[in-house]
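Each chain gets a letter, A, B and so on, in the order its sequence line appears, and its residues count up from 1. Keep in mind that this is a model prediction, so the values were computed, not measured.
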Protein chains: 2
Amino acid sequence: MQTRGLRQTSQRKFLVDEIFSHHEHFDADELMERLPRKGEKNYVSSATVYRTLREFVDAGLLKSFQLEGRTVYEHDYGYPQHDHLYCTVCRELFEFQSEALTNLRDEVAAEQGFRISGHRMIIHGVCRECSKNRRKKRKQDLV
Amino acid sequence: MQTRGLRQTSQRKFLVDEIFSHHEHFDADELMERLPRKGEKNYVSSATVYRTLREFVDAGLLKSFQLEGRTVYEHDYGYPQHDHLYCTVCRELFEFQSEALTNLRDEVAAEQGFRISGHRMIIHGVCRECSKNRRKKRKQDLV
DNA sequence: CTAGGTGCAAAATATTTGCACTGGT
DNA sequence: ACCAGTGCAAATATTTTGCACCTAG
């Protein structure tokens, strides 16, 4: 898999396991909260977490994008192209697939003579649940 | 215009003039480079620049989004909805309009019961010019 | 007059980096 | 043994905030 010049260290093995045992979107901070603390077994420093996330993106295991200042990661390896709906109330990301969107993108790019490397589409709004229940708390505020 | 509870200070007048005399995308840093330095006439502190940009977004004069870590601003007031192509070589943003994209967005959102507040679509790639001329330098690198 | 606005400096956030040490191969 | 990888702490980069002073209305 990463016979790409990369060494198979215990930290990387642990991080791969941790990252691919869940399928949600996450940022560096959320990931580190799930990991062992300093002094505990399998502790990984934040520098290594950041370095590793970046490597995984380069290696095609993860994709990343910016959302409200943070860098958000999601699985990429063996996972189909998709885009996102972002609920500004519960701050959850929902996925959708649309071939029409990709076609439209290709058309636009062709018109402008653009050589596409990718795209990022995020629809902002309020999800069904949060529309129903205005009292629903934000993820963050629950903590 | 901003009889919205906001005071008409000299700083704000100056910033409005400066911001709306150009039509390019910009970030806080690029804007401040164009402004008078400390000690000069019309100097505006960076705290005020950040505060003002945020107000202008709230007031509907500007729109903002994240790109490569920075917050990028563009004119919004009286300017039509559009999306962007981003050239990863010269780092320039190009605009395009597509009603089809908006329709597609509305369909997707309707399916998922989403109440839309907006969207952001950015196509990444290499623009025509940069494809032609690989030696073309990045904006940044020229400085 | 007085609440909102500004400048300054310090703080907060998120991420990167230099460096000495460690561990994979 | 050698060099990539790691932890630590310090550095960066960007944006926000506390506070004393200023000023538009």
Go through [options] for me and flag the one nearest to the [X] side chain.
X: A/Arg12; options: C/dG7, D/dT6, D/dG7; result: D/dT6
X: A/Thr9; options: C/dT6, D/dC8, D/dT6; result: D/dT6
X: A/Ala47; options: C/dG5, D/dC8, C/dA9; result: D/dC8
X: B/Arg7; options: D/dT23, C/dG7, D/dG7; result: D/dT23
X: A/Tyr50; options: C/dT15, D/dG7, D/dG5; result: C/dT15

Could you state the [atom1]-[atom2] distance from [X] to [N], rounded to the nearest angstrom?
X: B/Lys13; N: C/dT6; atom1: NZ; atom2: C1'; value: 15 Å
X: B/Phe14; N: D/dA24; atom1: CZ; atom2: P; value: 16 Å
X: A/Arg37; N: D/dG7; atom1: CZ; atom2: P; value: 15 Å
X: A/Leu15; N: D/dG5; atom1: CG; atom2: P; value: 14 Å
X: B/Glu68; N: D/dT12; atom1: CD; atom2: P; value: 21 Å
X: A/Asn42; N: D/dG7; atom1: CG; atom2: P; value: 11 Å
X: A/Gln66; N: D/dA13; atom1: CD; atom2: P; value: 16 Å
X: B/Leu67; N: D/dA13; atom1: CG; atom2: P; value: 18 Å

Reckon [X] has a side-chain N or O less than 4.0 Å from the OP1 or OP2 of [N]?
X: A/Thr71; N: C/dT15; result: yes
X: B/Thr48; N: C/dG7; result: yes
X: B/Tyr73; N: D/dT15; result: no
X: B/Arg54; N: D/dT15; result: no

* **A/Arg120 CZ: over 12 foreign heavy atoms closer than 6.0 Å** => yes
* If you count the non-hydrogen atoms of other residues, nucleotides and ligands that lie under 6.0 Å from CD in A/Glu99, is the total more than 12? ->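 Atom CD in A/Glu99 is not crowded, with 12 or fewer foreign heavy atoms closer than 6.0 Å.
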* To do: Can you check whether any acceptor in the base of C/dG7 is under 3.5 Å from a donor in the side chain of B/Arg51, or vice versa?
  =>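 A donor-acceptor contact between them is present.
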* Contact nearer the 5' end of DNA chain D, comparing B/Asp27 with A/Ser10 -> A/Ser10
* **Residue met sooner reading DNA chain D from 5', once A/Gln11 and B/Met32 are mapped to nucleotides** =>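 Looking at DNA chain D, the more 5' nearest nucleotide goes with A/Gln11.
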* Assess the side chains of B/Glu92 and B/His25: does a donor N or O sit below 3.5 Å from an acceptor N or O? => no
* Tell me yes or no: between the side chains of A/Glu68 and A/Tyr86, is some donor less than 3.5 Å from an acceptor? => yes
* Report yes if the distance between the aromatic ring centroids of A/Phe20 and A/His23 is under 6.0 Å, otherwise no. =>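 Not close enough - the centres of the two rings lie 6.0 Å or further apart.
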